[in-house]
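Below you'll find the structure, written out as C-alpha cells, and then a few comments.
Computation of the quantities below employed the complete heavy-atom set of this structure, encompassing side-chain atoms and omitting hydrogens, waters and symmetry-equivalent molecules.
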Amino acid sequence: MVYVEGGTANLGENNDYPVNVGSFFINRYEVSQDEWYVIMGENPSNQHRRNYPVDQVNWYDTQRFTRKLSQLSGLPFRLPFEAEWEYAARGGLNTQNYIYAGSDDPTQVAWFKEKYSNENTYVSNDIGTKKPNELGLYDMSGNIYEWCMDWYDKKVPFTGNIDPDLKGINLHKVLRGGSYYTIAKYCKITNRYGVNPLRWDIDYGLRLVISFQ
C-alpha cells in the first residue's frame with residue numbers, strides 16, 4: 001500500500017475552498033480477481049482473468065470483502081471516503097493538477113472507450129499497465145469504477161467532507177474514476193457517479209484503504 005500524507009486541497013469541480021484530508025494508506029492497484037477469490041472463495045467477475053480487477057460487485061459485496069480481509073489480516077481495511085479517493089487521485093501533496101489521475105492525456109493513464117459505440121469487449125484490462133499518477137497509483141482513471149464509502153446525493157455539491165452526514169437520502173453510494181466502458185470525460189478526477197448500493201455492473205470494482213493512526 002502507498003502512504004498518502006494528509007494536507008489541504010481544493011477538491012471537486014469548481015470547488016474554490018480548501019478541504020482538510022488526514023493521512024491514510026491506499027492500495028497501489030485495484031483489487032484483482034485473484035485477490036477477491038483468495039478471500040471470498042469465488043469470483044463474480046464478468047470474464048475470469050487473474051490479474052484483472054474484480055468486477056460485478058455491489059457496495060455491500062465490498063463491505064463483506066473488507067470485513068473478511070480485516071478479520072484474516074488483523075488490519076482495518078475499508079473503502080476510501082470520496083474526499084480521500086479524490087485527494088489520492090490528484091496526487092496528494094505531489095499534485096500536478098492534472099485532469100486525469102497522472103496526466104492531462106487520458107490515453108497515458110486510463111483504459112476507456114474512445115467513442116460511444118455498440119462495439120465493446122465487456123472486459124476490463126490488466127491492472128497497472130498504464131502510467132501511474134504522482135503517488136504511484138495505477139488505474140485511478142479508467143479501467144473500472146471504484147466504490148467509495150459515502151452516500152451520494154446529486155442535490156448536494158461535493159464539499160470534500162470526510163464521511164458527510166447525508167443519511168442515505170437518495171439511497172445511492174458514490175462511484176469514482178470512470179471505466180473501460182465509459183468515454184474519457186467520465187474518467188476525469190472530478191467526475192462523480194452515484195448508484196443504488198445493491199446494484200452491480202460489469203465495470204464496478206474497488207480499491208482498499210487503511211486509516212493512518
Side-chain angles (χ1 to χ4, degrees), residues 1-4 24-89 92 101-102 109-112 121-133 135-150 152 173-182 186-187 189 191 193-195 197-212:
M1 301 192 86
V2 174
Y3 172 67
V4 181
F24 58 97
F25 296 92
I26 189 168
N27 203 0
R28 191 178 301 275
Y29 306 103
E30 295 162 330
V31 172
S32 72
Q33 295 182 27
D34 256 7
E35 290 168 330
W36 186 280
Y37 180 79
V38 167
I39 300 302
M40 304 301 285
E42 49 87 25
N43 183 358
S45 303
N46 177 47
Q47 296 189 32
H48 292 188
R49 303 188 180 189
R50 299 183 61 181
N51 199 44
Y52 282 43
V54 68
D55 56 40
Q56 296 195 153
V57 293
N58 67 34
W59 188 86
Y60 293 106
D61 293 330
T62 70
Q63 298 309 290
R64 287 187 284 271
F65 176 81
T66 54
R67 282 197 301 270
K68 189 167 184 180
L69 178 60
S70 297
Q71 290 169 357
L72 291 170
S73 67
L75 297 172
F77 287 101
R78 60 172 173 83
L79 297 180
F81 287 106
E82 187 176 13
E84 292 173 330
W85 189 97
E86 184 173 319
Y87 182 73
V109 296
W111 294 107
F112 63 96
T121 60
Y122 298 101
V123 66
S124 58
N125 291 273
D126 200 10
I127 291 170
T129 54
K130 292 280 189 172
K131 176 185 172 184
N133 79 345
L135 292 173
L137 306 177
Y138 291 86
D139 299 310
M140 294 204 76
S141 287
N143 214 10
I144 55 167
Y145 274 107
E146 300 176 12
W147 286 106
C148 293
M149 288 293 291
D150 315 61
Y152 172 89
K173 285 287 186 178
V174 174
L175 285 164
R176 284 290 201 130
S179 80
Y180 72 92
Y181 195 60
T182 66
Y186 295 111
C187 299
I189 289 171
N191 185 68
Y193 186 39
V195 300
L198 288 169
R199 178 180 169 183
W200 57 265
D201 213 328
I202 56 175
D203 55 349
Y204 295 178
L206 72 156
R207 184 183 304 261
L208 300 175
V209 158
I210 296 176
S211 299
F212 179 73

Query raised in the report: What residues, two or more places apart in sequence or in another chain, satisfy ring-ring contact (aromatic ring centres under 6.0 Å, His included) together with Trp36?
Result: Phe65
Query raised in the report: Hey, does Ile26 have a side-chain heavy atom less than 4.5 Å from the side chain of Val209?
Result: yes
**Report entry** side-chain hydrogen bond (donor to acceptor under 3.5 Å, both in side chains) between Ser211 and Arg78, worked out
**Finding:** CA-CA 8 Å; Ser211 299; Arg78 60 172 173 83; 2.9 Å; yes
Query raised in the report: For Ser124 and Tyr52, which heavy atoms make the closest approach, and how far apart are they?
Result: O-CE2, 3.0 Å
Query raised in the report: So, Arg28 side chain and Val2 main chain: donor-acceptor pair closer than 3.5 Å or not?
Result: no
Query - Ring centers of Phe25, Tyr3 separated by less than 6.0 Å - result: yes
Report task. Test side chain to side chain contact (heavy atoms under 4.5 Å, CB included) on Asn46 and Trp200 and set out the steps. Result -> CA-CA 11 Å; Asn46 177 47; Trp200 57 265; over 6 Å; no
Report summary line: The side-chain contact (heavy atoms from CB on, under 4.5 Å) partners of Thr129 (sequence neighbours excluded) come to Trp111, Asp126
**Report entry** Within 6.0 angstrom of Trp59 CH2, more than 12 heavy atoms from elsewhere
**Finding:** yes
Query raised in the report: Are Gln33 and Arg50 close enough that some pair of their side-chain heavy atoms sits under 4.5 Å apart?
Result: no
Query - Exercise: identify the closest heavy-atom pair between Asp61 and Gln56 - result: OD2-O, 4.4 Å
Query raised in the report: Within the side chain of Arg199, is there an N or O that forms a donor-acceptor pair under 3.5 Å with the backbone of Asn58?
Result: no
Query - Tyr87 vs Phe24, side chain to side chain contact (heavy atoms under 4.5 Å, CB included): CA-CA, chis, key distance, verdict - result: CA-CA 11 Å; Tyr87 182 73; Phe24 58 97; 4.1 Å; yes
Query raised in the report: Rounded to the nearest 0.5 Å, what separation is found between the OG atom of Ser32 and the CG atom of Asn27?
Result: 9.0 Å
Query - Spacing of NE2 belonging to His48 relative to CG belonging to Asp34, to within rounding of 0.5 Å - result: 11.5 Å
**Report entry** Minimum-distance pair of heavy atoms, taken over all atoms of Leu208 and Val31
**Finding:** CG-CG2, 3.7 Å
Query - For Thr182 against Cys187, the heavy-atom pair lying closest together - result: OG1-SG, 3.8 Å
**Report entry** Trace of the side-chain hydrogen bond (donor to acceptor under 3.5 Å, both in side chains) decision for Ser45 with Asn43
**Finding:** CA-CA 6 Å; Ser45 303; Asn43 183 358; 2.8 Å; yes
Query - CA sep, side-chain torsions, deciding dist, call: Tyr138, Lys130, side chain to side chain contact (heavy atoms under 4.5 Å, CB included) - result: CA-CA 7 Å; Tyr138 291 86; Lys130 292 280 189 172; 5.7 Å; no
Query raised in the report: CZ of Arg64 to CD1 of Ile39: how many Å apart, nearest 0.5 Å?
Result: 15.0 Å
**Report entry** Donor-acceptor pair, side chain of Ser179 and main chain of Gly142, under 3.5 angstrom
**Finding:** no
Query - Test item: Phe77 and Met1 side chains (from C-beta on) under 4.5 Å apart, heavy atoms - result: yes
Query raised in the report: Does some side-chain heavy atom of Met140 sit less than 4.5 Å from a side-chain heavy atom of Glu146?
Result: yes
Report summary line: In this structure, CD of Glu82 is separated from CZ of Arg176 (nearest 0.5 Å) by 4.0 Å
Query raised in the report: Do you know which two heavy atoms are closest between Leu135 and Ala88, and how far apart they sit?
Result: CD1-O, 3.7 Å
Query raised in the report: Are the side chain of Asp201 and the backbone of Asp203 linked by a donor-acceptor contact shorter than 3.5 Å?
Result: no
Query raised in the report: Do Tyr186 and Phe112 come close enough that some side-chain heavy atom pair is under 4.5 Å?
Result: no
Query raised in the report: Is the closest side-chain heavy-atom distance between Ile202 and Gln47 below 4.5 Å?
Result: no
Requested in this report: Evaluate the side-chain proximity of Gln63 to Met149: yes if any heavy-atom separation is below 4.5 Å, no if none is.
Outcome: yes
**Report entry** Any side-chain heavy-atom pair of Tyr204 and Thr62 under 4.5 Å
**Finding:** no
Query raised in the report: How far apart are the closest heavy atoms of Pro44 and Val57, and which atoms are they?
Result: CG-CG1, 3.6 Å
Query raised in the report: Does Gly128 offer a backbone N or O that forms a donor-acceptor pair with the side chain of Asp139 under 3.5 Å?
Result: yes
Query raised in the report: Checking Asn143 side chain against Ile127 main chain: does a donor-acceptor pair fall under 3.5 Å?
Result: no
